[in-house]
Amino acid sequence: MPELPEVEVVRAGLERHVVGATIAAVEVLHDRPVRRHPTGASGFAAALTGRRIAGARRRGKYLWLPLDDGDAILGHLGMSGQMLVQPTSAPVERHLRVRFALTGTDPRTGQGRELRFVDQRMFGGLSVSVGGAGLPPEIAHIARDPLDPEFDDAAFVARLRTRTSGVKRLLLDQGLISGVGNIYADEALWRARLHGERPGNRLTRAQAVELLGHARAVMNEALAQGGTSFDALYVNVNGESGYFDRSLHAYGREAEPCDRCGTPIRRVAFMNRSSYFCPRCQSAPRSVRATRTGSA
DNA sequence: CATAGATCCTGTATGC
DNA sequence: TGCATACAGGATCTAT
């Protein structure tokens, strides 16, 4: 899915283009993206018709649109979700799942506009969060993200260092730190010269602090470039892609030389996807080396 | 509670 | 050409 930088690009676009608009009509074209909504597709559409969007907020990879009465539309893009603002007359996207007609006309085109939720794989979704304008209760378990001014660096470092899981899995644990996904986890680990299978409790305090700093930095840099894109799936509300994929050092670079030492980048299976790392700069922890050589 | 693995879904790329 | 397999920026549920 889009990770924090990509979701923030979408949030900023929503803030600019749909805040203040009233929802004139809602059409749900597929049930799955509204599966979290208790009253189903018809209830979702009925609940939102006529209501006004008052803001656009984000925590980690979750987005929500506060309504002016204290409720909110809560959304997650999953692996392939998009939020697009389109003229009503724009052709319907192949994977259009939900469309919100907005009142008023676009001053540039003189036409009506729609907010469209497009999602090929449908791991993402939308729901109405009762009383969720401030922070939807459904995502109370999601930690703050490292771009949040109130993120507690010291508390994160302390918790990380009590855990026995590999540090990559911990970076992906949205209850510990949110917003980090597979790409930026690999990039932060490469920058920190740490192997993803090193247990959290075997990091020094300094290593943990440095790793957090790199995670924050890589996401800030990606955000400044409009996010990372490999294909047309990762776009802002205007359908435009970012350029950060040109700056990646590890992710997706199997067999290419490490930008620091020239050793070929390796890819290994991890949680039904892949991890990329430099086997020289990011040396495996003792336990992993022992397992691999059969000498454990 | 912490951990590791399976699962939801559709599309594309690759190999036989 | 058809068919099978692997893989994809994620979260959640499950058993242990």
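Protein chains get the first letters and strands the later ones, always in sequence-line order, with residue 1 at the start of each.
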From the list B/dT3, C/dG10, B/dC9, which nucleotide is the closest neighbour of the side chain of A/E3?
-> C/dG10
Between A/N182 and A/S274, is there a donor-acceptor pair closer than 3.5 Å when you use the side chain of the first and the backbone of the second?
-> yes
Would you mind telling me which residue lines up with the more 5' stretch of DNA chain B, A/M271 or A/L170, judged by nearest nucleotide?
-> A/L170
Stacked pair A/F123-C/dA11, distance under 5.5 Å, angle under 30° = no
Rounded off to whole Å, could you give me the NE2-to-C1' distance for the A/H141 and C/dT12 pair?
-> 8 Å
Would you mind telling me which residue lines up with the more 5' stretch of DNA chain C, A/Q120 or A/E138, judged by nearest nucleotide?
-> A/Q120
Atom OH of A/Y243 and atom C1' of C/dG9: how far apart are they, to the nearest Å?
-> 18 Å
What is the distance from CG of A/N272 to C1' of C/dC7, rounded to the nearest Å?
-> 10 Å
Does a distance-only test, which skips hydrogens and angles, find a donor-acceptor pair under 3.5 Å between the side chain of A/R94 and the base of B/dG11?
-> no
Roughly how far apart, to the nearest Å, are C/dT12 and B/dG11 at atom C1'?
-> 23 Å
Residues A/E187, A/R191: salt bridge by 4.0 Å N-O rule | no
Considering only heavy side-chain atoms of A/T164, the closest of B/dT3, C/dG10, B/dC9 is B/dT3
Quick note, A/R121 side chain, CB onward, closest among B/dT10, B/dT3, C/dG9 is B/dT10
For the side chain of A/R36, counting heavy atoms from C-beta on, which of B/dT3, C/dC13, C/dG9 is nearest?
-> C/dC13
From the candidates B/dG11, C/dG9, B/dA4, the one with an atom nearest any side-chain atom of A/H95 is B/dG11
Whole-Å distance, A/E254 CD to C/dA8 P, equals 10 Å
Just by modelled atom types, is the A/D119 backbone N or O under 3.5 Å from a matching donor or acceptor in the A/R97 side chain?
-> yes
Look at A/Y276 and C/dA8 and indicate whether a side-chain polar atom (N or O) is within less than 4.0 Å of OP1 or OP2.
-> yes
For A/L233 and for A/R169, find the nucleotide of DNA chain C with the closest heavy atom, then tell me which residue's nucleotide is more 5'.
-> A/L233
Should B/dG15 form a Watson-Crick or G-U wobble pair with both distances under 3.5 Å, which nucleotide is its partner?
-> C/dC3
Say whether A/Q86 and A/E93, considering side chains only, have a donor N or O and an acceptor N or O under 3.5 Å apart.
-> yes
Verify the distance criterion only: is there a donor paired with an acceptor across the side chains of A/Q111 and A/S89 at less than 3.5 Å?
-> yes
Check every strand shown and say whether A/T228 touches a base, only sugar-phosphate, or nothing at a heavy-atom separation below 4.0 Å.
-> base
Taking the same atom, P, in B/dA6 and in C/dA6, what whole-Å distance lies between them?
-> 14 Å
Please state whether the phosphate of C/dG9, meaning OP1 or OP2, lies under 4.0 angstrom from any side-chain nitrogen or oxygen of A/K61.
-> no
Describe the nucleic acid contact of A/F230 in one word from base, sugar-phosphate, nothing, applying a heavy-atom distance below 4.0 Å.
-> base
Out of B/dC9, B/dT3, C/dC7, which has the shortest distance to the side chain of A/S274?
-> C/dC7
Looking at A/H76, does any N or O in its side chain come under 4.0 Å of the phosphate oxygens OP1/OP2 on C/dG10?
-> no
Protein-nucleotide distance (A/L74, atom CG; C/dT12, atom P), rounded to Å | 10 Å
Would you say the side chain of A/R273 and the base of C/dG10 hold a donor-acceptor pair, judged only by whether the two atoms sit under 3.5 Å apart?
-> yes
Base-pairing mate for B/dC9 - Watson-Crick or G-U, with both contacts under 3.5 Å | none
Separation of C/dA8 atom C1' from A/I183 atom CD1, nearest Å, is 10 Å
Polar side-chain atom of A/E3 near backbone of A/G181 as donor-acceptor pair, under 3.5 Å = yes
Give A/R267 one of three labels, base, sugar-phosphate or nothing, depending on what nucleic acid heavy atoms sit under 4.0 Å from its own.
-> sugar-phosphate
Length of the line joining A/F270:CZ and B/dG5:C1', which is rounded to integer Å | 11 Å
Judged by whether its glycosidic angle lies within 90° of 0, C/dG9 is syn
In Watson-Crick or G-U wobble terms, with both distances under 3.5 Å, the base opposite C/dG9 is none
Give the rounded distance in Å between these two atoms: CG of A/D231 and P of B/dT10.
-> 18 Å
Given the rule that I, L, V, M, F, W and Y join up when any side-chain heavy atoms are under 4.5 Å apart, are A/M122 and A/Y62 in one cluster?
-> no
